[in-house]
Amino acid sequence: MRIEKIDFDLLFISCTKVHLAKRLHALLVVSGKVRDLFISTRLVNLYSYLGDVSFSRRTFNQIPKKDIYTWNSMISAYVRTGRFHEALYCFHQFSFTSGLQPNFYTFPPVLKACGNLVDGKKIHCQVLKLGFQWDIYVAASLIHMYSRFGFVAVARKLFNEMPVRDIGSWNAMISGLCQNGNATEALDVLNEMRLEGENMDPLTVASLLTVCAQSNDMLSGMLIHLYVIKQGLEFDLLVSNASINMYAKFGCLANALRVFNQMDATDLVSWNSIIAAYEQNDDPKTALGFFNKMQQIGIQPDLLTLLSLASIVAQLADCQKSRSVHGFILRRGWVTENVAIGNAVVDMYAKLGAINSARNVFEELPTRDVISWNTLITGYAQNGLANEAIEVYNTMEECEEIIPNQGTWVSVLPAYSHLGALQQGMKIHGGVIKNNLHMDVFVGTCLIDMYGKCGRLDDAMSLFYQVPRENSVPWNAIISCLGLHGHGEKALKLFEEMLDKAVKPDHVTFVSLLSACSHSGLVEVGKHYFHVMQERYRIKPSYKHYGCMVDLLGRAGHLETAYDFIKSMPIEPDASIWGALLGACRIHGNVKLGKFASDRLFEVDSENIGYYILLSNIYANSGKWEGVDKVRSLARDRGLRKTPGWSSIEINNRVDVFYTGNQTHQKYQEICIELKVMTAKMKSLGYIPDFTFVLQDVEEDEKEEILTSHSERLAIAFGIISTPPRTPIRIFKNLRVCGDCHTATKYISKITEREIIVRDSNRFHHFKDGTCSCGDYW
DNA sequence: CTAGGGTTAG
């Protein structure tokens with residue numbers, strides 16, 4: 001008898017795969033042993049442990065007279081495999097058809113299923129009636145279930161009243177608090193537990209490390225990890241996985257890697273965690289390396305792996321891999337199963353610039369949540385398609401079941417900033433207030449950016465002083481706005497104020513600050529802060545910082561210093577760096593260095609038309625027409641076409657866009673008449689058209705027409721005839737303001753006695769009474 | 001032979 005039992009245990013234990021279980025099952029059927037309730041119940045369990053719950057059910061159905069063991073096994077088989085609906089349905093079947101009474105073993109799985117679906121108050125009543133409330137397993141399940149629904153107080157009361165507690169009860173309480181984000185109280189309970197002489201086990205640690213990561217409590221996290229090492233728990237699978245995640249959230253990749261490397265057994269969660277760690281800390285290459293290694297050792301990726309992978313290929317800008325990632329996800333049918341994975345694919349295509357593919361995937365999604373919409377809006381906005389972003393937002397507004405959240409405002413507001421659509425942006429501001437999110441740091445910052453970039457610096461400032469300012473985000477935005485408007489000194493003052501308030505500046509702060517210095521010609525100050533950034537704040541300069549420095553030195557005319565600066569950079573200069581030098585050469589008319597810079601530039605990026613135009617303008621400026629021709633034909637040979645320039649103006653809630661030479665506007669005739677009158681008045685005041693940048697092979701009279709048909713000229717003229725006298729005019733354009741338009745606009749501001757504010761791709765130009773506040777660089 | 005508390009997510 002005893003020997004036979006051991007044999008069965010061995011048989012069951014040795015079945016580690018479904019096909020082995022099936023062979024054992026067949027053997028048991030042949031030998032007639034399957035008629036034994038004892039044996040068949042074990043089969044029900046075996047199949048569920050191997051993940052195949054349908055075979056559990058089939059075996060279960062073939063058992064003619066089921067006892068309480070069999071029912072309990074079937075219910076927990078469903079719970080084990082995550083089939084919570086089926087588990088509850090099975091429990092109902094049991095209650096109504098079996099005629100049996102549930103026992104202590106029945107409730108924990110049932111309560112777990114409730115925790116994932118519906119509030120289990122009714123089950124709790126049944127537990128009370130049967131007097132099972134203080135069984136430690138049942139009680140832990142109740143605590144867990146109530147915590148899942150946020151009834152932490154109920155859970156806490158139950159926990160406090162428990163006559164006997166074990167480590168499982170403490171874990172249930174601590175994890176309940178952790179899952180509700182209540183780190184402080186969780187740590188309090190932990191202290192109580194230690195006072196009662198109970199030690200943490202791997203499960204306690206896993207919960208606590210997770211909540212430390214969420215609440216950014218690095219100190220407690222480290223202390224717990226120290227304790228882990230002291231207790232010898234550091235090699236535990238669960239503890240290690242949770243540690244990797246925590247260190248990744250804190251950005252300590254070295255620690256995450258150390259934990260991963262010292263593990264003696266890893267599972268899918270470990271691999272997903274280390275891959276996500278690198279993916280989320282902007283190291284897609286290493287992340288991909290881990291993914292490859294994981295495949296080599298034969299671990300199958302799951303949905304979460306692919307979520308990371310989609311982001312990795314987007315960061316690597318690898319279009320080919322992106323299609324295989326999409327294909328893999330489609331073959332597994334995961335898109336229909338989970339919204340998040342579909343959203344990740346939309347995001348991946350959008351980040352790769354394949355916005356149409358992103359749109360197609362979005363249209364095909366079986367269900368869309370608010371994040372799907374936010375992802376698409378952000379995708380359009382980040383690809384420079386602000387109008388499309390707004391259109392998508394408007395479509396979303398029509399879906400009643402989708403409620404905009406913080407992410408929605410953060411994704412759509414930059415589109416209004418981009419277009420300079422102040423009045424429409426203000427409508428969004430209204431919507432934000434209605435949703436009570438205007439005091440949210442991120443939304444507030446987008447609003448600051450929107451008002452700043454739409455020319456309302458005062459409104460941006462007053463909003464800035466309303467939002468919470470504990471972190472750097474709003475400070476960065478306002479410093480950047482001040483820089484754009486040419487208020488370098490004020491930007492510096494705000495930076496000092498930020499330090500006074502003990503707000504820690506980050507890499508973005510310094511980009512804003514350095515570009516503010518460069519816009520206002522504050523060379524020495526800029527150099528000083530570039531050093532402060534590295535010495536005091538230990539921030540490694542990125543391309544953006546180097547670009548700002550080259551711009552700062554170059555704009556101020558220190559072209560050689562700028563070039564020396566580039567030579568001293570520890571990283572290989574990219575297109576943005578050479579572009580900054582080229583731009584400076586253009587301002588100061590340095591043909592030789594300009595040619596050199598553009599040669600380097602075309603080595604790293606030969607596709608950007610803007611740089612060809614810059615170089616051709618340098619040649620044109622010094623009358624070197626062969627140079628102009630050469631650059632132009634070079635660009636033509638490479639199949640590059642000039643980006644069409646446009647300017648927009650918002651009048652009565654409507655944004656009108658003008659392209660250069662565009663004659664289709666309904667008020668075109670009136671605009672022409674206004675421009676003619678204006679040009680005559682300007683000339684009488686001493687205006688001389690500057691044809692430097694117009695092709696030299698055009699007839700004289702045509703040249704002037706080209707200048708007067710520049711998009712900003714059209715937009716300004718339209719503004720003058722469509723708004724009351726002396727009111728300010730705000731213009732937005734995608735390219736830089738050209739030299740002639742800059743001069744002309746000064747005259748126009750004097751003649752019409754209007755303030756004219758032009759935002760170009762670089763900065764703001766405030767024209768007033770014949771002068772421009774931005775100095776004379778454009 | 002049946003039970004609780006745990007780690008990765010856009």
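Convention: sequence-line order gives letters A, B, ...; per-chain numbering from 1.
Each of B/dT2, B/dG4, B/dG10 was ranked by its minimum atom distance to the side chain of A/Arg80; first place goes to B/dT2. Out of B/dT2, B/dG10, B/dA3, the shortest distance to the side chain of A/Asp347 is found at B/dG10. Out of B/dG10, B/dT8, B/dA3, the shortest distance to the side chain of A/Ala340 is found at B/dG10. Of the candidate nucleotides B/dG10, B/dG4, B/dT7, B/dT7 has the atom lying nearest to any side-chain atom of A/Val269. The side chain of A/Tyr105 has B/dT2 as its nearest neighbour among B/dT8, B/dT2, B/dC1. Listed nucleotides B/dG4, B/dC1, B/dG10 differ in distance to A/Ser141; the shortest reach to its side chain belongs to B/dG4. In the set B/dC1, B/dG10, B/dT8, the nucleotide with an atom closest to the side chain of A/Leu304 is B/dT8. Nearest nucleotide to the A/Asn272 side chain, out of B/dT8, B/dG10, B/dA3: B/dT8. Nearest nucleotide to the side chain of A/Ile136, out of B/dT7, B/dG4, B/dG10: B/dG4. If you check B/dT8, B/dG4, B/dT2 against the side chain of A/Tyr69, the one that comes closest is B/dT2.
The cationic group of A/Arg58 lies under 6.0 Å from the six-membered ring centre of A/Phe55 and within 45° of the ring axis, placing it in a cation-pi geometry.
A/Arg165 and A/Glu198 are not joined by a salt bridge, as no carboxylate oxygen comes within less than 4.0 angstrom of a charged side-chain nitrogen. Using a 4.0 Å cut-off between charged nitrogen and carboxylate oxygen, A/Arg332 and A/Asp302 do not count as a salt-bridge pair. A/Arg80 and A/Glu86 are not joined by a salt bridge, as no carboxylate oxygen comes within less than 4.0 angstrom of a charged side-chain nitrogen.
Atom CE in A/Met200 sits about 20 Å away from atom P in B/dG5, given to the nearest Å. The distance between atom CG of A/Asp166 and atom C1' of B/dA3, rounded to the nearest whole Å, is 12 Å. Here B/dA3 presents its C1' atom at 15 Å from CD1 of A/Ile123, a figure rounded to the nearest Å. Rounded to an integer number of Å, the gap from CZ of A/Phe94 to C1' of B/dA3 is 14 Å. Note: CG (A/Leu203) to P (B/dG4) measures 12 Å, nearest angstrom. As a whole-Å value, the separation of A/Asn171 CG from B/dG4 C1' is 10 Å. Spacing between atom CD1 of A/Ile143 and atom C1' of B/dG5 amounts to 9 Å, rounded to whole angstrom units. For A/Ile174 and B/dG4, the CD1 to P distance is 19 Å, given to the nearest whole Å.
Note on A/Gln280: a side-chain N or O is less than 4.0 Å away from OP1 or OP2 of B/dG10. At B/dG5, one or more side-chain N or O atoms of A/Lys112 fall inside 4.0 Å of OP1 or OP2 (strictly under the cut-off). At least one side-chain nitrogen or oxygen of A/Gln179 sits closer than 4.0 Å to the OP1 or OP2 atom of B/dT7. Here A/His144 does not reach the OP1 or OP2 of B/dG4: none of its side-chain N or O atoms lies under 4.0 Å away. Contact check, A/Lys249 against B/dA9: a side-chain N or O comes under 4.0 Å of OP1 or OP2.
Within the 4.0 angstrom heavy-atom criterion, no nucleotide atom of any strand lies near A/Asn374. Nucleic acid contact for A/Thr210: sugar-phosphate only, since backbone atoms but no base atoms lie under 4.0 Å from a heavy atom of the residue. Here A/Ser311 lies out of heavy-atom contact (under 4.0 Å) with every strand. Residue A/Asp201 is classed as a base contact, given a heavy-atom separation below 4.0 Å to a base. Across all strands shown, A/Ile167 has heavy atoms under 4.0 Å from base atoms, whether or not it also approaches the sugar-phosphate. Residue A/Asp135 is in base contact, counting any heavy-atom pair closer than 4.0 Å across all strands shown.
Within a 6.0 Å radius of CG in A/Leu20, other residues, nucleotides and ligands contribute more than 12 heavy atoms.
Partner of A/Phe60 under the ring pair (Phe, Tyr, Trp, His ring centres under 6.0 Å) criterion, chosen from A/Trp71, A/Tyr78, A/Phe94: A/Trp71.
For the residue pair A/Ser48/A/Asn45, the side-chain donor-acceptor check at 3.5 Å is not satisfied.
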